[in-house]
Structure formats: structure tokens, C-alpha cells
Asker: 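Let me begin by handing over the structure; questions about it come next.
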Amino acid sequence: MQTPNAPQAQRIGVPREIFPGEKRVATVPDVVEKLAKLGFTVAIETGAGEAANFDDDSYRAAGAQVLPDADALWAASDIVLKVRPPTPEEVARLRPGSILIGFVWPAQHPELMQQLSQRGATVLAIDSLPRTLSRAQKMDALTSTAGVSGYRAVIEAANAFGRYFNGQITAAGKVPPAKVFIAGAGVAGLAAIGTAANLGAIVRANDTRAEVADQVKSLGGEFVKVDYEEDGSGGGGYARVMSEGFQAAQRQMYAQQAREADIIITTALIPGKPAPKLITAEMVRSMKPGSVIVDMAAEQGGNCELTVPGEAVVRHGVTIIGYTDLPSRLAKQSSTLYATNLLRLVEELCKAKDGVAVVNMEDDAIRGLTVVKDGAITWPAPPLAAPPAPAPKAAAAPVAEKKSAHGPGAPMSAKTLTIVFAVLAVLFWAIGAYAPEAFLGHFTVFVLACFIGYMVVWNVTPALHTPLMSVTNAISSIIAIGALVQIAPPEAGLNGRPDGLITWLAFAALVLTAVNMFGGFAVTRRMLAMFRK
């Protein structure tokens, strides 16, 4: 039972998205249960999740209250979770003092910011999250949405393309693999690279940030570098506007890729600015008939000059896809990821798990998200404090003095080497002159075995010692056979039983090789198990 002074649990409301073509919903039934465990009550507008394949009954089963219309939903909600920025009609329904969480894009919607401010509400723009904070990654809806968009862009390209992505050799002829060029290797671009490479295409990619080259290669793509030295890294993991010299070199590279590629996917965006024009009409004309361009920046004007936002058009025999609803084309998946991001944000707002959200402006992540606080516009947030400078490295140890020519680590002198070879020659002569003839044969084999063992084992890189186990098992089996021959009884067909010393030596050799063989096979089996699914 709540005490009289205890704050009353707040209600989270999820309206149906009214933006044309938007199929996503801000929360899903699985997340409703987790929000209830934080102390909140959850209400959802009827039909809000139908386009994403979440019906009203699934929300009721999760504990949510289904309200009949938008007016009832907005009037009853202390916290509203949305996907798209609110329309003027939705802003008018927002209760003063309530909290709105969703995509807002304050830089692109100054009028919307003024309308929200006039309502006296608190607005958290999920797109303003400081992405450089490691603990903010769980709330990063931009990354989740971009990953879905990058995947879907490749699927749309495959649908419009007239061939296989992977190369095939069939009885009817040879099919070459598709050549895919991806402009921009951010989250969406990397998702597109991985998807296209998994489908078997030859993938090339470019980005102004040189540090993403390794990520491109790790996903199976080839990084195409612009022949111009300039770093394009911007704040918060984004790219920045490049110089005229770099842009000229980049256009030249894009022109060459347009002539060679079958599919081009563009993802280049700069926060707060229109999408840069990367693919000109002349480049489109140079592409092969039947080629495809997927412009993922269409909603911000597009990276291609001939893109029509929201439509797929054919220009000069090239299909140019400018869909602005790529995440909605995977509505169930993108809704689930987005709902999880918002859940993590609500957890940060309600650390007491008492059903009351507290907007802590001292928290760097929450401060960055908060664009309107109780009617006052707080965007943009002040820059984050720079991380402390790393501690200076300890002074390098002085270089050790050069070893003396006669020290223990010095190479052997020519005189000493001559003496050693002379002693060894005399020793071998004595063995050859006085040792039995049978011993010489065994001794020769022994010396050769030592030499081969040194070359096979000691000269191998340590990283290959585990795979080498299989080879040493084969060598050990030969040694085991030799030991068995030495200790075999006379009736086995040998000429006499060897003396006791040889028998015991052969027995010891048999034991040691058995240990090596079984141990080697055990290690090899464990190593191979690491690569099995």
C-alpha cells in the first residue's frame, strides 16, 4: 500500500503512428511486461501495432490497457512514446507537464520545437543521444534503425536487380557475381556491406573516415580510398563536410565506380545539413542498363541528383529507389529493436523502479537527449567534457649495452667453430672405425631423425603448434612401430631377442609415444570442435 506522500505511478501511452506509410510502433508486448515491472502502467491506442503484426489482444495479454482513440490515449498519458516526430495535431493533444520521447530532429524542425515549448512539456529526442558515451549504446535507436535500413536496402536492390547476387556456373551458362558499391560506411553502410557480401556479391565501399576501412574488410568488402589525403571524421561518430579538393577527387572515384558497379547504395548524411549529392545525372547515364541505385538519404534530399523521395523511378535505364520508409518495411523487427532502446531509456529515467520518471539534467546522456525541459528549449546540449588526458608513459628503459664479443650471447667465433667441427669429425671417425656395422645404420637414422625433427617442429611458428599435433601423431606412430619391433619375441620372426637394456629403452619409447599420440589426438579434437557450430 502506498504512503500518502508517495508519488503516484505514471502512465505510459503509445499512440498509433499517423505519418503516411509508417508501420512501426513505439513499444511491443514483450516490452510492456518489462515497463510494468518498473512500476508504470501502460496504455496503447487500439490498432497501434497492427501494421507491425502486434494485435490488441497481444498487448492486453501483456498487461496493457487498450484505449479506443488518440484523444483518450493522449489525455490519459503522463509519458508518451512515439516513433515519428509529432504533428501539430498531436502536439495540441500533449498534456502540459507530460514527457514526450521519440524522434524529433530539432535541427530540422525549429517550428516543432517552438510548438512543443508552448505546451509546457518535457521532450526527449532519441536522435539527440550523445553516441560517444559507451553506456548510451543500449539506448541508441539511430544505430538500431540504421542497421535495419541497411539490410532492407540490399533486399530492395536485389528485388529490382535482374540477376543473382552470387556468381554461378550452371548447365545453361555462367552467371557473374553482382558488383555492389556502397557510399558511406556508417552503421547503415556496414549493415548493407555485410548483407550484400553474404549474398555473394563483390562489394566495394568508401567513406570519408579512414578508420572504417578495417570494418569494411572484416565484413567481406573492399575499401576504395579516395586519392586525396584528408580526414573526414566528425563529432559523435559522424562524417563532416569535406574540402573542395577532396570532393573533386571523390567525384572522380564515384564516376569510375558508377561505370563498373551493378548496384550503388548511398548512405551519406551529415547531421543538420541536406544530404550531399554524390551521384550526378552524368554518373547515372554511365551506368549499365538494368543497374540499381538505392538512395538511403532520400528523406533528406537524397545523395543522387535524380532521386525522387518516396518513389522508385527509372532514369536512363537505371532503377533509382528513394524509399523513405525502409525501417517500416521490416516493421516488426524495427519496432522490437526501437522498443528495447526506449525501455533502456525509461530504465535510466526510473532507477527507483517506482513508476515515476525523473529527468536528471546532471546525467550527460539524459541532458543530451532533453531538447525541451518543462517548456524551456534546452537544445543544443552543451558539449561533453573532454575525457581526462592519458597518463604519460613511463620513460623507456635505456637500451642495453651491446654484448661483448666474448659474452654468453655472442656468436661463436670462426676459431671456436673450427675447433668444434674438428672435434665432431674426430668423434664421427671413431664411431665409424670401431662401432659395429649394425650400430652405424641405426646411428645414421637417429641423426637424420633429429635433423628432420628440428626442421619440422622447432622451426614452426608457435601459433601453428596445435595443428602440428596431427603431424607429430603420425611421426609418433612410426616410433611406436620401431619400439614394438625391438621388444618382439623371437617367434615373431626376428633373429634373436635383444638384450635387456634395448628392451627397456624400447618399452620407455613405446610409453612416451603412446602418451604423445593420445594427447595429440585429444588436443586436435578440441581444436576442431571450436570451429563446429
Side-chain angles (χ1 to χ4, degrees), residues 7-19 22-29 31-32 34-36 38-49 51-52 54 56 59 62-106 109 112-129 139 141 335 338-350 355-359 366 369-379:
Q8 186 177 1
Q10 295 175 322
R11 171 176 288 180
I12 294 177
V14 181
R16 181 172 56 87
E17 298 294 327
I18 61 176
F19 188 87
E22 182 58 70
K23 298 179 181 179
R24 290 174 291 173
V25 62
T27 197
V28 298
V31 172
V32 168
K34 297 174 182 177
L35 291 172
L38 293 175
F40 296 98
T41 58
V42 181
I44 188 163
E45 182 183 349
T46 182
F54 298 109
D56 290 347
Y59 284 104
Q65 179 184 6
V66 179
L67 299 181
D69 53 43
D71 289 332
L73 187 285
W74 285 84
S77 301
D78 302 297
I79 302 172
V80 178
L81 304 183
K82 271 188 58 61
V83 179
R84 290 278 183 170
T87 63
E89 293 78 10
E90 289 176 321
V91 174
R93 292 175 176 147
L94 186 62
R95 283 172 43 189
S98 60
I99 300 175
L100 172 67
I101 303 175
F103 285 104
V104 177
W105 306 108
H109 301 108
L112 174 60
M113 292 289 289
Q114 292 297 330
Q115 295 170 4
L116 291 169
S117 174
Q118 293 171 6
R119 294 298 298 174
T122 296
V123 181
L124 276 66
I126 198 69
D127 48 89
S128 298
L129 180 73
M139 302 179 277
S335 296
Y338 182 65
T340 303
N341 293 138
L342 294 190
L343 169 65
R344 302 308 174 202
L345 172 55
V346 173
E347 288 176 343
E348 292 294 317
L349 297 175
C350 182
V356 177
V358 178
V359 180
I366 303 303
L369 285 166
T370 307
V371 295
V372 179
K373 180 69 165 67
D374 297 327
I377 296 178
T378 59
W379 183 87

Asker: Among pairs that include at least one residue of residues 79-104, which meet ring-ring contact (aromatic ring centres under 6.0 Å, His included), considering only residues two or more places apart or in two chains?
Answerer: Phe103-Trp105, Phe103-Tyr338
Asker: With side chain to side chain donor-acceptor pair (under 3.5 Å) as the rule and sequence neighbours excluded, what pairs involving residues 116-125 come up?
Answerer: Thr122-Asp374
Asker: List for me each residue that meets side chain to side chain donor-acceptor pair (under 3.5 Å) alongside Arg84, sequence neighbours excluded, and say none if there are none.
Answerer: Glu22, Glu299
Asker: Quick check for you: to the nearest 0.5 Å, what is the distance between Ile101 atom CD1 and Leu81 atom CG?
Answerer: 5.5 Å
Asker: What are the two closest heavy atoms between Leu35 and Thr27, and how far apart are they?
Answerer: CD1-OG1, 4.1 Å
Asker: Rounded at 0.5 Å granularity, tell me how far OG1 in Thr46 sits from CG in Leu67.
Answerer: 9.5 Å
Asker: Over all heavy atoms of both residues, which pair between Ala141 and Asn341 is shortest? Give the atoms and the distance, please.
Answerer: CA-OD1, 3.2 Å
Asker: Where do Tyr59 and Gly49 come nearest, in terms of heavy atoms and distance?
Answerer: OH-CA, 4.1 Å
Asker: Using the test side-chain contact (heavy atoms from CB on, under 4.5 Å), find all partners of Gln115 that sit at least two apart in sequence or belong to another chain.
Answerer: Pro88, Val91, Leu112
Asker: To the closest 0.5 Å, what do you measure between SG (Cys350) and CZ (Phe40)?
Answerer: 4.0 Å
Asker: Not counting sequence neighbours, which residues clear salt bridge (Lys or Arg N to Asp or Glu O under 4.0 Å) with Arg93? List them please.
Answerer: Asp71
Asker: Could you state the interatomic distance from CD1 (Ile99) to CG (Asp78), rounded to the nearest 0.5 Å?
Answerer: 8.5 Å
Asker: Please name the pair of heavy atoms, one in Leu342 and one in Ala26, separated by the smallest distance, quoted to 0.1 Å.
Answerer: CD1-O, 3.6 Å
Asker: Output, in order, the C-alpha distance, side-chain angles, deciding distance and verdict of side-chain contact (heavy atoms from CB on, under 4.5 Å) for Leu116 and Val371.
Answerer: CA-CA 10 Å; Leu116 291 169; Val371 295; 5.8 Å; no
Asker: Can you name the side-chain contact (heavy atoms from CB on, under 4.5 Å) partners of Ala62, sequence neighbours left out?
Answerer: Pro29, Val32, Glu33
Asker: Which heavy-atom pair separates Glu348 from Ile366 by the least distance, and what is that distance?
Answerer: CB-CD1, 4.2 Å
Asker: Among all residues two or more places apart in sequence or in another chain, which pass the side-chain contact (heavy atoms from CB on, under 4.5 Å) test with Ser98?
Answerer: Leu94, Arg95, Ala121
Asker: For Gln114, give me all partners under side-chain contact (heavy atoms from CB on, under 4.5 Å), at least two apart in sequence or on another chain.
Answerer: Ile377
Asker: Walk me through whether Leu343 and Leu38 qualify under side-chain contact (heavy atoms from CB on, under 4.5 Å).
Answerer: CA-CA 10 Å; Leu343 169 65; Leu38 293 175; 4.3 Å; yes
Asker: If we only count heavy atoms from C-beta on, is the Val25 to Val83 side-chain gap below 4.5 Å?
Answerer: no
Asker: Kindly compute the distance separating CE (Met139) from CG (Leu345), expressed to the nearest 0.5 Å.
Answerer: 6.0 Å
Asker: Could I get the full list of salt bridge (Lys or Arg N to Asp or Glu O under 4.0 Å) partners for Asp56, not counting sequence neighbours?
Answerer: none
Asker: Kindly indicate whether the side chain of Val104, heavy atoms from C-beta on, has any atom under 4.5 Å from the side chain of Ser128.
Answerer: no
Asker: Would you please name every residue forming a salt bridge (Lys or Arg N to Asp or Glu O under 4.0 Å) with Lys82, sequence neighbours left out?
Answerer: Glu17, Glu90
Asker: Evaluate the side-chain contact (heavy atoms from CB on, under 4.5 Å) criterion for residues Leu124 and Leu349: first the C-alpha distance (whole Å), next the side-chain angles of each, then the deciding distance (0.1 Å), finally the verdict.
Answerer: CA-CA 11 Å; Leu124 276 66; Leu349 297 175; 4.0 Å; yes
Asker: Applying side chain to side chain donor-acceptor pair (under 3.5 Å), can you list everything that pairs with Gln65, at least two apart in sequence or on another chain?
Answerer: Arg11
Asker: What pair of heavy atoms forms the shortest contact from Ala9 to Gly39, and how long is it?
Answerer: CB-O, 3.3 Å
